[in-house]
Amino acid sequence: MADTTSSPIPVGTIVAFAGELDNSWLQSQGWLYCDGSQLDQATYPALYAAIGGNFGAGHGTFFLPDLRGRFTRAVDLGAGRDPYVLTRTPSNNGGLSGNNPGSAQDCHTGLPANSFTTSSSGDHTHSVQHLPTDTEGLAVAGSHYGIWPDTNSQTGTAGDHNHTLSGGDAETRPINKYVYFLIKFNG
C-alpha cells in the first residue's frame with residue numbers, strides 16, 4: 001500500500017467533485033480526473049501501488065478508472081446482491097473481471113416489481129369494417145366470399161391474442177445529477 005502519512009486521504013480514493021474541471025489545478029492538489037487515461041507507472045508510483053492494473057494495464061502503464069457517464073457500485077464480496085457478479089468484464093486489457101474493483105458490467109433490465117398492463121382489458125372486441133350483411137346470395141368481403149350472420153359489427157371474445165407494449169427509455173436509471181469523479185494520486 002502507498003504511503004499516505006502526509007494526507008488524511010488515501011491515494012486511490014475516488015470522490016465526487018462539483019467544481020470546475022481545471023486539470024492543472026486539480027493535479028497541483030494531488031487529484032486526477034477519472035477519464036480512463038493511460039498513465040506511466042513510474043510517473044505515478046503511489047497511485048499504481050494503490051490501484052495497480054484494476055482498470056487495465058500494459059507494459060509500464062496502467063489506466064485510470066473511466067467513470068464518465070457511469071454509476072459506481074461496491075464490490076459484492078459474497079453479499080449476493082449482484083446476480084451478475086460472474087459476468088463482469090475488465091475495463092481495459094489487463095484489468096480485473098468478476099468480483100473485483102475495476103470490473104465493468106453491461107446493461108441489465110429486471111422484470112418490473114408490478115406487472116405491466118395494457119390499456120385494454122383481456123375480454124374485449126374489435127370492430128370489423130365493411131361487413132356484407134345481405135342474406136341473399138354471396139357477398140364479397142375482401143378476397144373471400146361470405147355472409148356475416150347478423151348485423152353485429154364486433155368480433156367475439158374467443159380470438160385470444162396479444163397486444164404489443166411500446167415505449168420505454170434507452171436505459172434504466174434513478175434520477176441523477178452530474179459531478180466529476182476524481183482520484184487521489186499522491187499524498
Side-chain angles (χ1 to χ4, degrees), residues 1-116 164-187:
M1 199 73 184
D3 176 21
T4 59
T5 56
S6 59
S7 172
I9 301 169
V11 170
T13 298
I14 294 175
V15 299
F17 180 69
E20 182 179 341
L21 187 63
D22 179 344
N23 285 323
S24 296
W25 179 79
L26 289 171
Q27 284 186 8
S28 73
Q29 303 299 308
W31 296 91
L32 296 170
Y33 176 47
C34 292
D35 64 356
S37 293
Q38 188 173 16
L39 302 177
D40 184 65
Q41 294 174 9
T43 305
Y44 296 93
L47 182 56
Y48 181 69
I51 69 169
N54 290 358
F55 298 91
H59 297 290
T61 63
F62 69 106
F63 289 90
L64 289 176
D66 190 352
L67 299 179
R68 296 172 294 175
R70 300 281 184 230
F71 288 99
T72 57
R73 184 174 189 169
V75 175
D76 190 70
L77 288 180
R81 295 185 184 117
D82 184 354
Y84 299 101
V85 69
L86 298 178
T87 65
R88 297 179 68 85
T89 60
S91 298
N92 283 302
N93 289 335
L96 299 178
S97 62
N99 202 13
N100 292 292
S103 64
Q105 189 174 67
D106 203 1
C107 299
H108 291 283
T109 303
L111 292 173
N114 299 313
S115 300
F116 286 122
T164 302
L165 298 174
S166 61
D169 297 309
E171 65 178 351
T172 301
R173 55 165 159 55
I175 296 170
N176 61 83
K177 300 276 186 178
Y178 271 169
V179 294
Y180 296 107
F181 282 109
L182 307 178
I183 189 166
K184 186 74 170 164
F185 73 88
N186 73 25

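Within the structure, side-chain hydrogen bond (donor to acceptor under 3.5 Å, both in side chains) contacts touching residues 54-67 (residues at least two apart or in different chains) are Q38-T61, D66-R68. Pairs engaging residues 82-104 under the salt bridge (Lys or Arg N to Asp or Glu O under 4.0 Å) rule: R73-D82, D82-R88 [sequence neighbours left out]. Judged as a side-chain hydrogen bond (donor to acceptor under 3.5 Å, both in side chains), not a single pair has a partner in residues 9-26 (not counting sequence neighbours).
Residues passing the ring-ring contact (aromatic ring centres under 6.0 Å, His included) test with Y178, sequence neighbours excluded: none. Remark: S97 pairs with no residue by the side-chain hydrogen bond (donor to acceptor under 3.5 Å, both in side chains) rule, at least two apart or across chains. With sequence neighbours excluded, no residue satisfies side-chain contact (heavy atoms from CB on, under 4.5 Å) with A18. Partners of F63 by ring-ring contact (aromatic ring centres under 6.0 Å, His included), not counting sequence neighbours: none found. Residues passing the side-chain contact (heavy atoms from CB on, under 4.5 Å) test with N93, sequence neighbours excluded: none. For F55, there are no ring-ring contact (aromatic ring centres under 6.0 Å, His included) partners at least two apart in sequence or on another chain. For the side-chain hydrogen bond (donor to acceptor under 3.5 Å, both in side chains) test, no residue two or more places apart in sequence or in another chain qualifies with N99. With sequence neighbours left out, F181 forms a ring-ring contact (aromatic ring centres under 6.0 Å, His included) with no residue at all.
You'll find the side chain of L26 stays beyond 4.5 Å of the side chain of Y180, heavy atoms only. By the 4.5 Å heavy-atom criterion applied to side chains, I183 and P65 are counted as neighbours. The side-chain heavy atoms of I14 and T72, taken from C-beta on, include no pair separated by under 4.5 Å. The closest side-chain heavy-atom distance from Y44 to F62 is below 4.5 Å. Side-chain contact between L32 and L39 is present, with heavy atoms from C-beta onward closer than 4.5 Å.
Not one N or O on the side chain of S91 forms a donor-acceptor pair closer than 3.5 Å with the backbone of G56.
Summarising the geometry, atom CG belonging to L96 is positioned 11.5 Å from atom OG1 belonging to T89; distances are rounded to the nearest 0.5 Å. Annotation: the span from N100 atom CG to D76 atom CG amounts to 11.5 Å, rounded to 0.5 Å. A distance of 10.0 Å separates CZ of F185 from CG of L64, quoted to the nearest 0.5 Å.
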